[in-house]
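Structure first, then comments.
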Amino acid sequence: MSQARPDQRNVRPRLSGSPSHASQQQQQQQQTQQQQPGGQRLGPGPGAGPGGTTNTNTNGGSSGAASQGPRGSPLIALMERAKAVGQVVCDTSGKVYTGFAPYKDLAVSQCQFVPMNSNRAINRDVVRQRVEENEDHFQKTRQYMEFGQINLIIVASDTTHEFLVMDGQHRCETMKELFSRHPDWPLWFQFRAKVVTSEAVAFEELRHFQRAYPSDPRSFFRSRLETRTATAVLGNLKEHYPKAFKEMVLSNRVGRSTGDPNRPYLNDNIVFWFLQDAGLLRAAADGGEEEVGSNPGNVNAVSILERLQAADQYLAVQPIQGLGKKASQSMKNEAEKLNCYLGFFRDGYLRWKDIESRLPPPRRPNPVSAPPAAAAAAAAPAPAPAPAPAPAALA
């Protein structure tokens with residue numbers, strides 16, 4: 001579904017104006033593979049030439065990516081050997097490698113993880129906490145917790161064995177500490193390593209990687225049905241109140257986080273928050289898709305938008321004191337210009353429960369508060385009229 005939006009003819013209300021690292025089986029398979037003839041550890045091996053490079057692949061043929069010469073990165077040859085034995089895979093460009101690796105192979109080799117200069121400083125408290133959590137988890141389950149994918153950069157012209165860590169430096173430090181304490185405990189991790197031509201390009205990759213749509217827990221829902229319903233509501237609100245919404249700006253992982261706009265403005269995450277805080281999405285998930293028709297997100301959006309319309313009309317006639325803590329006259333004046341008062345909802349200032357009892361009851365059974373059977377009945381189309389009696393000759 002490309003975008004869940006209510007059908008404007010039927011839905012729009014008259015608003016006044018949103019691994020585990022590898023399973024045990026995988027570990028055993030990979031360990032067995034390493035022990036088989038021709039298997040290679042993920043680390044500089046006996047087949048490496050000067051600086052860890054090699055001019056042939058495991059099949060005896062020439063390997064373009066591995067033939068870097070004495071001045072090329074030995075890590076490319078390392079990746080190619082691991083690819084040849086099925087330990088990693090490479091994309092069609094030959095620049096991006098991904099796979100699983102035992103930390104022990106790297107620990108006993110010359111390879112090192114080096115945080116990039118503009119990356120976050122290592123917080124030792126974070127590392128200590130993660131080490132303790134992983135030790136506890138291993139004692140209970142005989143395996144470490146999921147570390148997630150470590151994002152690495154290989155500079156093709158660099159002759160050292162240094163992986164530049166683009167994302168995951170705290171996890172690398174955690175693995176290093178865990179291995180030093182428990183060298184015999186199996187420790188696997190997933191990685192992605194991209195080959196770039198120079199260190200300058202590496203830092204362009206870092207800047208690109210750090211710019212991302214800001215993750216916010218308010219934008220996570222309990223089900224796909226809740227997600228579709230919330231998206232339908234958000235789209236309708238943006239259509240009716242376009243000036244009330246502030247654009248979501250990109251944030252980076254090492255700088256400031258994306259903040260909410262001042263009241264009475266809205267953004268996606270504020271809408272998602274008050275929909276969940278009000279319980280307006282709860283029945284969407286409880287009812288089940290098969291019970292609310294072929295477009296359940298749109299069907300549920302109808303009743304939710306009616307409730308939001310009632311809230312907006314109620315707030316529009318309230319004095320400043322009724323618009324939440326620390327509301328001001330300038331905020332109210334701005335809301336009047338926007339013809340939208342829903343932006344006064346904020347955690348800690350004004351919540352749905354503060355006004356819910358003062359709102360008029362819904363005009364029809366509300367799928368938000370009704371049990372699933374009632375929600376299904378409200379969403380079902382009207383029954384077709386009974387057919388006329390058949391002519392006597394056809395009876």
Side-chain angles (χ1 to χ4, degrees), residues 19-35 39-45 48 52 73-75 78-79 81-83 85-89 96-154 160-194 202 206 209-210 215 253-254:
S20 62
H21 312 284
S23 64
Q24 292 295 333
Q25 183 177 3
Q26 287 174 313
Q27 294 178 12
Q28 292 172 0
Q29 290 174 344
Q30 291 175 334
Q31 289 170 343
T32 301
Q33 188 178 46
Q34 289 176 339
Q35 295 169 0
Q40 299 285 345
R41 294 192 315 176
L42 185 58
S73 171
L75 299 179
L78 183 157
M79 291 290 107
R81 292 199 304 274
K83 184 181 77 170
V85 298
Q87 198 168 345
V88 304
V89 295
V96 181
Y97 299 87
T98 185
F100 291 89
Y103 187 84
K104 184 176 183 178
D105 281 4
L106 296 181
V108 299
S109 72
Q110 304 174 54
C111 297
Q112 298 181 36
F113 292 121
V114 179
M116 300 183 76
N117 291 338
S118 64
N119 221 340
R120 294 181 290 176
I122 299 296
N123 186 317
R124 303 313 305 183
D125 290 336
V126 171
V127 174
R128 175 184 53 77
Q129 180 180 354
R130 292 183 177 179
V131 167
E132 293 173 354
E133 291 173 349
N134 273 277
E135 287 178 327
D136 290 343
H137 193 270
F138 193 96
Q139 294 290 355
K140 295 175 182 177
T141 66
R142 307 312 299 169
Q143 64 181 11
Y144 287 120
M145 301 172 68
E146 170 63 60
F147 283 95
Q149 188 179 68
I150 309 297
N151 249 304
L152 307 171
I153 289 286
I154 297 172
T160 71
H161 291 80
E162 294 182 350
F163 286 102
L164 299 184
V165 182
M166 194 161 56
D167 182 58
Q169 64 273 14
H170 283 90
R171 286 170 283 163
C172 288
E173 284 294 310
T174 300
M175 290 189 291
K176 179 179 178 181
E177 179 64 23
L178 287 170
F179 181 78
S180 68
R181 294 187 184 189
H182 314 288
D184 296 328
W185 291 8
L187 174 56
W188 288 76
F189 68 98
Q190 184 182 9
F191 69 91
R192 175 187 183 273
K194 182 171 184 179
L206 176 64
F209 176 77
Q210 288 177 338
S215 177
R253 290 179 170 85
V254 299

Got a second to check how far [X]'s [atom1] is from [Y]'s [atom2], nearest 0.5 Å?
X	Y	atom1	atom2	answer
Asp125	Arg130	CG	CZ	12.0 Å
Leu78	Phe163	CG	CZ	5.5 Å
Met175	Phe113	CE	CZ	5.5 Å
Ile150	Thr98	CD1	OG1	11.0 Å
Gln169	Thr174	CD	OG1	10.0 Å

Worksheet item: Under 3.5 Å, is there a donor-acceptor pair between the Glu135 and Gln139 side chains?
Response: no
Discussion item. Glu177: which residues meet the side chain to side chain contact (heavy atoms under 4.5 Å, CB included) condition with it, sequence neighbours left out?
Written reply: Val131, Ser180, Arg181
Looking at every non-hydrogen atom in both residues, tell me the closest pair between [X] and [Y] and how far apart they are.
X	Y	value
Ser73	Thr160	OG-O, 4.4 Å
Ala101	Gln87	CA-NE2, 4.1 Å
Phe147	Asn134	CZ-OD1, 3.7 Å
Val88	Met79	CG2-O, 3.6 Å
Tyr144	Phe138	N-CD1, 3.7 Å
Leu75	Glu162	CD1-O, 3.3 Å

Worksheet item: Sequence neighbours excluded, which residues qualify as side-chain hydrogen bond (donor to acceptor under 3.5 Å, both in side chains) partners of Glu132?
Response: none
Discussion item. Gln112: which residues meet the side-chain hydrogen bond (donor to acceptor under 3.5 Å, both in side chains) condition with it, sequence neighbours left out?
Written reply: none
Worksheet item: Does Glu173 have any salt bridge (Lys or Arg N to Asp or Glu O under 4.0 Å) partners at least two apart in sequence or in another chain, and if so, which?
Response: Arg124
Practice prompt. Return the set of residues passing ring-ring contact (aromatic ring centres under 6.0 Å, His included) with Phe179 (not counting sequence neighbours), or none when no residue passes.
Written response: Tyr103
Worksheet item: Can you name the ring-ring contact (aromatic ring centres under 6.0 Å, His included) partners of His137, sequence neighbours left out?
Response: none
Discussion item. Within the 4.5 Å heavy-atom criterion, are Leu106 and Phe189 side-chain neighbours or not?
Written reply: yes
Worksheet item: What residue pairs, at least two apart or across chains, pass salt bridge (charged side-chain N to carboxylate O under 4.0 Å, His left out) with a residue in residues 184-194?
Response: Lys194-Glu205
Worksheet item: With no hydrogens and no angle check, is any side-chain donor or acceptor of Arg171 less than 3.5 Å from a backbone partner on Gln149?
Response: yes
Worksheet item: Passes side chain to side chain contact (heavy atoms under 4.5 Å, CB included), Leu152 versus Val165? Steps please.
Response: CA-CA 5 Å; Leu152 307 171; Val165 182; 4.0 Å; yes
